[in-house]
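Here's the structure we're looking at; comments come further down.
Remember, predicted model here, so these are calculated numbers, not experimental data. Indexing begins at 1, ligand by ligand and atom by atom, following the structure's order.
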Amino acid sequence: MSTSLPPSVAAHLPTGLLVGGRWRPARSGATFAVEDPATATTLFEVADADERDARDALDAAVEAAEPWRRTSPRRRADLLRAVYDVLTARAEDVAALVTAEGGKPLAESRAEVAYAADYVRWYGEQAVRLDGLARRAPAGTHHQLVLRHPVGPALLVAPWNFPVAMIARKVAPALAAGCTCVVKPAQLTPLTTAYVAELIRAELEARDLPAGVLNVVPSSSARRISEPLLADPRLRKLSFTGSTQVGATLLAAAAPHVLRTSMELGGNAPFLVFADADLDAAVEGAVQAKMRNSGQTCVAANRFLVHASVAEEFTARLTAAFDALVVGHGAEPGVTVGPLIERAAVERVADVVAEAADGGATVRTGGDPLRRSGYFFAPTVLAGVAPDARVVTEETFGPVAPVVTFDDDAEALRLANGTPFGLVAYAYTRDLARAMRLVEDVEAGMIGINRGMVSDATAPFGGVKTSGLGREGGEAGIEEYLEPVYVAL
Ligand code: SIN
């Protein structure tokens, strides 16, 4: 049972499955444990859904699909506005949950709740602005009318690193578009989803809206949920955030029914620092781009590509900035860096760091797991890293900043694009022409120029190459849940 959660949260936290507007145990009666990664102790036991529960949830989503699709855009918008209000009013409770099960410092959790609420508010606003098209065909033979219909019941598979924002980024556009959904929260962080799902369920009930609009099936096996649902032709949409490897498997499973898919997959973000960069700003941006959620974001700067003439100065300043960070339990005052999510993550980060050091990199600070309970790794700066070291070529998902040097713009671009991933790139330069050349040539779905943070609920988030398909957020995010229907009149 919970030790670090406020009693007001712990007392009202559903730990079952939400199916058709009702919380209930898994059919098997099984549960699984959810840990606090900062203490490695169990917070709660949560219902462990299997294939039968997944089908029940889809049944409920299918039953609610027709009435929800016919619900007016204004009522859908009002629902989302009410959810925004209640999420904002309960922000402290939700942030406490995010910190308890995800480990991030409270200030970051509060920022995540605000980010999540922004998605809900934005898609509430978009629900009444689903414009179509009406025009005379160029040949003059008829009129073209384009309507936008909801794609239908959606399976939304969320990651553990942003347990409220990633749910909001999927559920809000789905509901705004008129789709019902089955949510599979991450096994490591299902508590925040449950708390927020209960807020939405209560709003649906209070407004006499269809109960099966939102269903939630936590499970210790993602496959037990995804396999039966992807094989069911009544499911019409899959949205997934997670690794490229799992995404590719899901895409294959989605192929037989030609399912609409949105895939937000892995990254390997370059963070470029040119000789003319404002180094104070670059270091501040580097800490932000690297250390948010202890480096466990798919937009985390994974490799620092720095012009040789400023590499030493940048590395020294980055090292000083990392040394000033305070590592600890995210709920403790003053802590700026929390734990990694699980033991395996610490082991993986330790491996790639040791391998880089063996390959000739210098550990300027950190370099090891911290000797304390929980899953902590010291903020680490590595200098003189070979461009083909695993810490550079693979997504580290940890608090490690490897610095690689370049000599000219062509080499910087070659290094930046030398990866199968293409989610985001960051660049610091005072030269606008150079920045615009990068914008043209860097292979990434998002680019931060003199900014260490691009995430914004009102902008299209997503990647190119193996980083994904489709976009979440902004005007584009709702398109993923809409089907254009062309009428020739
Ligand atoms: C992610 O890591 O998947 C999302 C991060 C963000 O939205 O900023």
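Aromatic pair W122/Y115: ring centres not closer than 6.0 Å.
Annotation: M453, atom CE; neighbour count of heavy atoms from other residues, nucleotides and ligands within 6.0 Å is above 12. A 6.0 Å sphere centred on CZ of R223 holds no more than 12 heavy atoms belonging to other residues, nucleotides or ligands. By the 6.0 Å contact criterion, CD on E284 is open, its count of non-hydrogen atoms from other residues, nucleotides or ligands being 12 or less.
Of all protein heavy atoms, the one closest to atom 8 (O) of ligand 1 is S455 OG, 2.4 Å. If you check which protein heavy atom lies closest to atom 5 (C) of ligand 1, you get F162 CE1, 3.6 Å. In this structure, atom 7 (O) of ligand 1 lies nearest to the protein heavy atom Y115 OH, 2.7 Å.
Those atoms of ligand 1 that come under 4.0 Å of a heavy atom in T297, given as number and element, are 2 (O). Here is the list of ligand 1 atoms found below 4.0 Å of a heavy atom in C298: 1 (C), 2 (O), 3 (O), 4 (C).
Taking 4.0 Å as the cut-off, M453 does not count as a neighbour of ligand 1 on heavy-atom distance.
By the 3.5 Å distance cut-off applied to N or O atoms, R292 is counted among the residues near ligand 1. On a distance-only criterion, R169 and ligand 1 share at least one N/O pair closer than 3.5 Å. Taking distance alone, with nitrogen or oxygen atoms compared against 3.5 Å, Q296 stays at or beyond that limit from ligand 1.
Within the 3.5 Å criterion, the main-chain N or O of G463 finds a donor-acceptor partner in the side chain of R471.
Of all non-hydrogen atoms in Y123 and E472, the two that sit nearest each other are OH-C, 4.4 Å.
In this structure, K104 is positioned above the aromatic face of F162, its NZ or CZ under 6.0 Å from the six-membered ring centre and within 45° of the axis.
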